[in-house]
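So the structure is just underneath, and the comments pick up after that.
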Amino acid sequence: MDILKDLNERQREAVEWVQSPVLILSGPGSGKTRVITYRIAYLIKELGVDPFNILAVTFTNKAADEMKERVYRLLTAETGKRGNGETGKVSEMPWIATFHSTCARILRHDIYRIGFDRNFVIYDDLDQLNLIKECLKELEIDPKEYRAPAFAAAICRAKENLIDYESYIIYTKARGEDFYREMAAKVYEHYQKKLFKNNALDFDDLIMKTVELFREKPEVLEKYQERFIHILVDEYQDTNHSQYAFTKLLASKYKNICVVGDEDQAIYAFRSADIRNILEFEKDYADCKPEVFVLNMMEDYRSTQPIIDLANNLIVYNEERRKDKGKIILPKDKKPASSTSTVDAEEASEGKVPAPVLQALPNELEEAEYVMDEARRLHRKERIPYHDMAVFYRVNAQSRVLEDAFRKARIPYNVVGALGFYEHREIKDIVAYLRVLINPKDSLSLKRIMNVPPRGIGKVTVQKIVDFSNKNKITLWEGVKKIENVRGLSPRAQWLVKNFRNLMFKYMELAKNLGVGELINKLIKEIGYIKQLEKEDTFTSEMRIENLKELMDAAHQFEEKSENKSAQVFLEDVSLISDIDTWDDKAKAVTLMTLHNAKGLEFDTVFIAGMEEGFLPHSNAFSEEKELEEERRLCYVGITRAKRHLYLTYTDRRRLYGNTYWGLASRFIAETGVEGLARRSLGVGGEAAPIFRRERFKVGVTIIHPDFGKGKIIKAEGFGEDRKIEVVFAGGEKKKIALKYANLQRI
DNA sequence: GTCACCGTATGATTG
DNA sequence: ATACGGTGAC
Ligand SMILES: Nc1ncnc2c1ncn2[C@@H]1O[C@H](COP(=O)(O)OP(=O)(O)OP(=O)(O)O)[C@@H](O)[C@H]1O
């Protein structure tokens, strides 16, 4: 069977094993994603499984598209033996998507069973934040004292763990005195009720409501269990509890499940991902007859030996890591595709296999310059295409200087993330129009557009309609419809709202028959959005016009490629798009992205910029050992993306957000042992930052001050001599202390 | 009442 | 750099 010829023996076994659940817990580059892809093709082609009965879950839409494409190619490949007719055409493709879009599609069909409308809208995190701000206003909570993003985080964490607001309130009470949590509970409840009124779901609801649906309506669950007889999940180490519950429910009937992941690459604990899901997978299926098939592969087909060494050296510093996990190794059977088979240090130094490079730079500008220069050199001298190079960093804001350097040098580049296309204000405005047309209950979006572009309906008028609607227990849109009954409006204001109402009536009609593309075109023209922007005539307004044009193109393209051309489906696509999804990996350009976005990808050349204490590891992770280990895994993920060329750079001093950060080289640098390997380590004499040594005075540490006595560190910043800490002393008073001047003792 | 402008505060990682 | 709240002109 020749689709299996691209696999090694153990991969092949995993592809062919269908007698019981499969767990693949394997290192980077070991071919996990490849196994899933081939397994899907194998199920269809060799076992005659109906593609309709297969669900594969990926981490991003982009990964889903790629997998679809590969599966399609495997299915249509000329096999000589079998094949679905001479055209090799595939009649149907399996369902390959992210958790979020999978759940969105399920809910679109069946959510009415738990009391929601099927035409719900999906709120992204900006919408979520705006709605929470509204809640704070209505609950009379001062948003300066209690920040909205903190509530958003609390609510997300709760939902990721399937805790609805009722349970949240109960847990809060059980905990006793916790003012902040009590407040969060109130906000959560209010927020959730508002979502319901708006007929909206946020991202986390998509999963949570699906689980709720499955639990409350067994016949719905059964329907999907019969539909998804074979389930495959990629990147399983980064699933959270709700995703775990979803998967487990679906798989519980047939138990044809295959999960794949690597706990050393778990980097999403901050949004409740839990590696126990993958580590305890065997327990979940302990009663299966042949027991769970477990595969632990550590052969890394991606990287060269020196890169593998760095990764191995680094990851053992994670103390919570399973001691029996082992190291990744170069596969014996690896074909000399682009690199040589086995390599020793001597060969590496001769330049057959490039040695990883560690480079210190005085500041972030020179760092960017250096990265750009090296990229250009590799392109010219070694003929490495730009699209096979990437620059990774910890925080989006770091991309700016890099962009500038690449732009100035006229080297093509793409930035993944930062502000995604669909997060731009002008795009969100138009999307809000569409949402209201489809789901008039969406008051958040309605409020957003009532005066966009400015049409004389100001804050006060809107507030009056809101009050009127609340008093009469109707939605804001109902309030707008009954504008004649709203008291205290000037005739002019009433007239303006009536015009707006008529506009919306007209477009609600049009939306029934027109495709999204045409609808958006007409709408933008009629409301004079572009005219308004032209009037503003600034640099940003020009960009906005471009973006709007791009949106119209996107909508037309959508119409062409999709069967269901409704604005509804378009909106769904738009809401679920992620940063990485819009990245064009075939463009001839260097890719700039965060380490998080790099997961699952591979490049010939990888630069990791900003390898400094405070950035990688990020300063917010200093105080928790667990978080520090996650930062280390992040670094591990970055390193293991590189096939042949790896550069680690760090600076002495970095300007960001108008501040200057004086950094030490990241502890991870020393841990990788790159200094011993690198050809040009510490190139810039004297300007290199010293390599990090562990700070003794960390948050949480108890100290004794010669004057004030015993106290606990609650805040710490700076390094070495310059370190400043904030301490709460036994009496309760807080003091800021510079280590330089105080003779502190650690206890 | 509405809108455009200016000052101030404030920044991780994401589907 | 962007998101807010306050201010003055219409
Ligand atoms: N048996 C094999 N023979 C040759 N190349 C392979 C084999 N298996 C995998 N590869 C190659 O190794 C690289 C990594 O494969 P893949 O992305 O499937 O690994 P992965 O385990 O999912 O990686 P990661 O966890 O790091 O994202 C790919 O370029 C793939 O083509």
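Quick note on labels: first sequence line is chain A, next is B, and so on, each numbered from 1.
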Can you list the residues that meet the side-chain contact (heavy atoms from CB on, under 4.5 Å) rule with A:E320, with sequence neighbours excluded?
A:K626, A:E629

Does A:N470 have any side-chain contact (heavy atoms from CB on, under 4.5 Å) partners at least two apart in sequence or in another chain, and if so, which?
A:V466

So A:Y647 and A:F607, would you call those rings parallel, tilted or perpendicular, with 30° and 60° as cut-offs?
parallel

Please report the distance, rounded to the nearest Å, between CG in A:L496 and P in B:dG1.
14 Å

Close N or O pairs between protein and nucleotides 2-4 of chain B (under 3.5 Å):
| unit_1 | atom_1 | unit_2 | atom_2 | d |
| --- | --- | --- | --- | --- |
| B:dT2 | OP1 | A:G458 | N | 2.8 |
| B:dT2 | OP1 | A:T461 | OG1 | 2.3 |
| B:dT2 | OP2 | A:V460 | N | 3.1 |
| B:dC3 | OP1 | A:G456 | N | 2.8 |
| B:dC3 | OP2 | A:N451 | ND2 | 2.7 |

Distance-only side-chain donor-acceptor flag, A:D262 / A:Q237, under 3.5 Å:
no

B/S/- along nucleotides 9-15 of chain B (protein heavy atoms under 4.0 Å) is --BBBBB

Please lay out, stage by stage, how A:Y661 and A:F615 fare under the test ring-ring contact (aromatic ring centres under 6.0 Å, His included).
CA-CA 10 Å; A:Y661 298 85; A:F615 286 90; 5.5 Å; yes

A:N61: which residues meet the side-chain contact (heavy atoms from CB on, under 4.5 Å) condition with it, sequence neighbours left out?
A:T98, A:S101, A:D581

Show me, pair by pair, the donor-acceptor contacts under 3.5 angstrom made by side chains of residues 489-498 of chain A, not counting sequence neighbours?
| unit_1 | atom_1 | unit_2 | atom_2 | d |
| --- | --- | --- | --- | --- |
| A:S490 | OG | A:A493 | N | 3.0 |

Determine, using ring centers only, whether A:F59 and A:Y268 are less than 6.0 Å apart.
yes

Classify the nucleic acid contact of A:K133 as base, sugar-phosphate or nothing, counting any heavy atom under 4.0 Å across all strands shown.
sugar-phosphate

Between C1' on C:dC4 and NZ on A:K137, what's the gap in Å once rounded to a whole number?
11 Å

Distance in angstrom units between A:W495 CH2 and B:dG1 P, rounded
19 Å

Rounded off to whole Å, could you give me the CG-to-P distance for the A:L136 and C:dC4 pair?
12 Å

